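As structure tokens, the structure follows; a few thoughts come after it.
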Amino acid sequence: MTESTRDPNNEFNSTKYDIPPELQANVSVTTLDKIYNWGRRSSIWPMMFGLACCAIEMICTAASRYDFSRFGMEVMRPSPRQADLMIVSGTVTKKMIPQIVRLYNQMPEPKYVLAMGACASGGGPFKDGYNVVSGVDKYIPVDVYVPGCPPTPQALLHGLISLQRKIDTQHWRDTRWYSKDPIPEIPIPVLGPDIFDPRQSEEIKTLTHQKPVSEETVQQPTEA
Ligand code: SF4
């Protein structure tokens, strides 16, 4: 990086201390937030799972041409307990969302979610399908949305850089994972009562407010 392209706000030595030029290669004076965030942003381990066609682009981003190990991300974890980032890459079906929420709950803090593509962000081309959730953010908090159908590897890389920028702004004092209050788990949605077709919400509302039909009013078939 040349002097002219350097972002002074992103420098490691961003404090007001003047370090003599002969020591600058060996000594860094920085803030606790900066070094803490720098460590986390440079070693985000994604969870190894994909849901549909977007997952192919995610796999491509991990391969040698785009190579997200430049972000310290090459260690994709098959276990949610060792993952920092959930990349929701593909169509989220109503059958799958309980599993996605369960995996999210099993990830340790600090954890992040990236919604990759139109399907994960809002249902995409299958939004009107009876079996598709119109956006994973209806159930779990999303940090970064990457548009596209599918997003290119470059777009995913941009999303990952955006996540790094978000991490850069966090302060360890305010982070929820150091709070004394326990972090509540997200209730696992149940296929049926919790997950319904939003187009039928009026009909469902009417039906749930209807009084049950009593046995007396049910017409009994007359015998011939
Ligand atoms: S956004 Fe497009 S490419 Fe991605 S899972 Fe949906 S249909 Fe497939």
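Computed from a prediction, not measured in an experiment: that's the story for all the values here. When a ligand or atom number is given, it counts from 1 through the structure's own listing order.
Between Trp172 and Tyr178, the angle of the ring planes goes over 60°, which puts this pair in the perpendicular group of the 30/60° scheme.
Counting heavy atoms from C-beta outward, Tyr112 and Arg40 have side chains that approach closer than 4.5 Å. Put simply, the side chain of Leu85 does not reach to within 4.5 Å of the side chain of Asp143, judged on heavy atoms.
Excluding waters, the set of protein N, O or S atoms lying under 2.8 Å from atom 4 (Fe) of ligand 1 comprises Cys54 SG.
Between the side chains of Asn105 and Arg102, no donor N or O sits under 3.5 Å from an acceptor N or O.
The CZ atom of Arg41 sits 8.5 Å away from the CZ atom of Arg165 when rounded to the nearest 0.5 Å.
In the hydrophobic clustering of this structure, Ile44 does not group with Val75; members are Ile, Leu, Val, Met, Phe, Trp, Tyr whose side-chain heavy atoms approach within less than 4.5 Å, directly or through other members.
The atoms of ligand 1 that sit less than 4.0 Å from any heavy atom of Phe126 are 7 (S).
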